[in-house]
Amino acid sequence: MAIISKKAIRPGQRVRVLVVDDSVVIRRLVVHALEQDPLLEIAGVASNGSQALERIAQLQPDVLTLDIEMPEMGGLDVLRRLRDVTARPRVVLFSTLTERGAAVTLEALSLGADDYVAKASNAGSLDRSLLSLRAELIPKLKQFFLFESQAAPAPVLTKYAPVSLPRNGARPSVLAIGVSTGGPAALHAVIPQLPRDLSVPVLIVQHMPPLFTRLLAERLQASTALKVSEGKDGDRVEAGRVYIAPGDYHMIVRKSAAGPVIRLNQEPPENSCRPAVDVLFRSVAETYRGNAIGAVLTGMGQDGKRGAETLREAGAYIIAQDEPSSVVWGMPGAVVNAGLADSVVPLEGVVPHVLQRLGGR
């Protein structure tokens, strides 16, 4: 998946949005939801994929909202065509929270879509639909751009010297990964690289709703010799297994007489997320202390920063994905800017770096 650098939006400029949906009602709803934002501009609308490709060539939008199922040409075909476009716009999908919707969304993400939101409903209060759409869609459209008035702070150089082992001298016993926007593609790059004789378990929080996380686990399972599954309450945490936090549940790890086990809960969201990376990382610090590796990969927001701080204080090793290889450098950038990262590496360097920490290949 090609990574596109954040486009700088100067004062007086706005992010140009192309709205693509075969439903007149949904197009109007999205336009109405976005046109009130001073940093967004509706570049145009399209009712099917063929029209969308024409509009993209004519209007040069910065980002498009894309429906999947449309007449003449659907959203998946649009994404396939856009793979050959050098300066393609960012793409935010409209997804239905159903099994079919989840499967199609994961396929679309593998084809280069950047993120997704739940498709607005035609039913119910218009005002409620508009509020929900604005709250979810607008931040996701803006996350790919750097607004000059909101320029990111200069990175803080890590104040810790990289080490080959945790500071207590022991080999790591677990790998914990936090990821969000761009995560499915990132995980498909990372998990298949892990060896079949991996000596540690892998615990993952990927910000996704129910159904999506199960299907993500199934897709990852098809690409690796490791056993990949959603974490279940009471699962023993075993080396060579990959556990993904199920949507709408925090996943933590706790000590037991039989060894570390997974626990699930529905305590309040943290960083507006459930599952949350911070929650998992804190539990890993409590259970494994410094015998852990924490990796924070591409994603919007700062989930994982406080958890990485707790892990770091316990003596664990922290890896952050670098900015050029991240779809959105929010989460890893927060870790780097806080001076918490032992290493900042491109996506393709994550696994080699993990294996070096484990004393392997």
Side-chain angles (χ1 to χ4, degrees), residues 1-8 114 143-146 150-167 171-172 174-191 193-194 200 202-207 271 277-278 280-282 284-285 290-361:
M1 177 178 179
I3 302 300
I4 307 172
S5 300
K6 269 194 174 187
K7 179 178 178 179
D114 296 292
Q143 69 182 320
F144 309 115
F145 304 95
L146 180 62
Q150 304 169 359
V156 177
L157 292 178
T158 177
K159 56 182 177 290
Y160 304 110
V163 292
S164 296
L165 295 172
R167 278 154 288 281
R171 299 280 180 192
V174 66
L175 168 61
I177 298 174
V179 64
S180 185
T181 311
L187 292 172
H188 276 284
V190 167
I191 300 303
Q193 285 190 62
L194 294 170
V200 299
V202 183
L203 305 170
I204 299 173
V205 164
Q206 158 73 62
H207 295 156
N271 310 299
V277 181
D278 280 341
L280 173 65
F281 279 12
R282 283 200 306 268
V284 170
N291 301 340
I293 300 171
V296 181
L297 309 183
T298 176
M300 179 175 70
Q302 298 193 16
D303 189 25
K305 185 184 82 169
R306 289 196 296 262
E309 184 174 15
T310 303
L311 277 172
R312 197 65 178 70
E313 289 172 351
Y317 194 92
I318 306 298
I319 298 171
Q321 185 176 348
D322 70 0
E323 186 169 11
S325 70
S326 296
V327 173
V328 177
W329 205 54
M331 288 165 48
V335 170
V336 173
N337 289 332
L340 298 169
D342 287 292
S343 299
V344 183
V345 299
L347 183 61
E348 63 270 19
V350 171
V351 169
H353 217 76
V354 167
L355 297 182
Q356 182 185 357
R357 303 281 78 76
L358 296 176
R361 293 176 288 276

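None of these values were measured; they are calculated from a predicted model. Only heavy atoms go into these numbers, but all of them, side chains included; no hydrogens, no water, no symmetry mates.
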Task: Residue list, side chain to side chain contact (heavy atoms under 4.5 Å, CB included) with V200, at least two apart or on another chain - done: L175, L198, L358

Task: Distance, nearest 0.5 Å, that separates CD of Q193 from NE2 of H188 - done: 13.5 Å

Task: Validation row: V179, T298 side chains within 4.5 angstrom (heavy atoms) - done: yes

- [ ] List for me each residue that meets side chain to side chain contact (heavy atoms under 4.5 Å, CB included) alongside T181, sequence neighbours excluded, and say none if there are none.
- [x] D115, Q143, F144, M300, V327, V328

- [ ] Just jot down the side chain to side chain contact (heavy atoms under 4.5 Å, CB included) partners of A334, sequence neighbours excluded, or say none.
- [x] Q302, K305

Task: N/O donor-acceptor pair under 3.5 Å between D278 side chain and D303 backbone - done: no

- [ ] Using modelled atom types only, decide if a donor and an acceptor are shared between the side chain of D342 and the backbone of I319 within a distance under 3.5 Å.
- [x] no

TODO: Examine distances only and state if a side-chain atom of T310 and a backbone atom of R282 form a donor-acceptor pair shorter than 3.5 Å.
DONE: no

- [ ] Go through the steps for I191 and I204 under the test side chain to side chain contact (heavy atoms under 4.5 Å, CB included), then give the verdict.
- [x] CA-CA 11 Å; I191 300 303; I204 299 173; 3.9 Å; yes

- [ ] Only counting residues at least two apart or in another chain, list the ones meeting side chain to side chain contact (heavy atoms under 4.5 Å, CB included) with V344.
- [x] D322, V336, A341

TODO: Might you point out which heavy atoms bring A176 and L280 nearest each other, and give the distance in Å?
DONE: CB-CD2, 4.4 Å

- [ ] Provide the closest heavy-atom pair for R357 versus P172 in the form atom of the first, atom of the second, distance.
- [x] O-CD, 3.6 Å

Task: Atom pair CD1 (I318) and CG (L311), whose distance is rounded to the nearest 0.5 Å - done: 4.5 Å

Open item on the list: Tell me the closest heavy-atom pair linking P346 and S325, and the distance in Å.
Closed with: CA-OG, 3.5 Å

Open item on the list: Which heavy atom of Y317 sits nearest to which heavy atom of H353, and what is that distance?
Closed with: OH-NE2, 3.5 Å

TODO: Under the side chain to side chain contact (heavy atoms under 4.5 Å, CB included) rule, what do V277 and H207 come out as? Steps first, then yes or no, please.
DONE: CA-CA 9 Å; V277 181; H207 295 156; 4.0 Å; yes

Open item on the list: Can you give me the closest heavy-atom contact between F281 and G304, atom names plus distance?
Closed with: CD2-O, 3.9 Å

Open item on the list: Which heavy atom of G299 sits nearest to which heavy atom of S180, and what is that distance?
Closed with: CA-CB, 3.7 Å

Open item on the list: Would you compute the distance between atom CG of L340 and atom CD of E313 and round it to the nearest 0.5 angstrom?
Closed with: 8.5 Å

Open item on the list: Just verifying a value: how many Å separate L194 CG and L355 CG, rounded to the nearest 0.5 Å?
Closed with: 6.5 Å

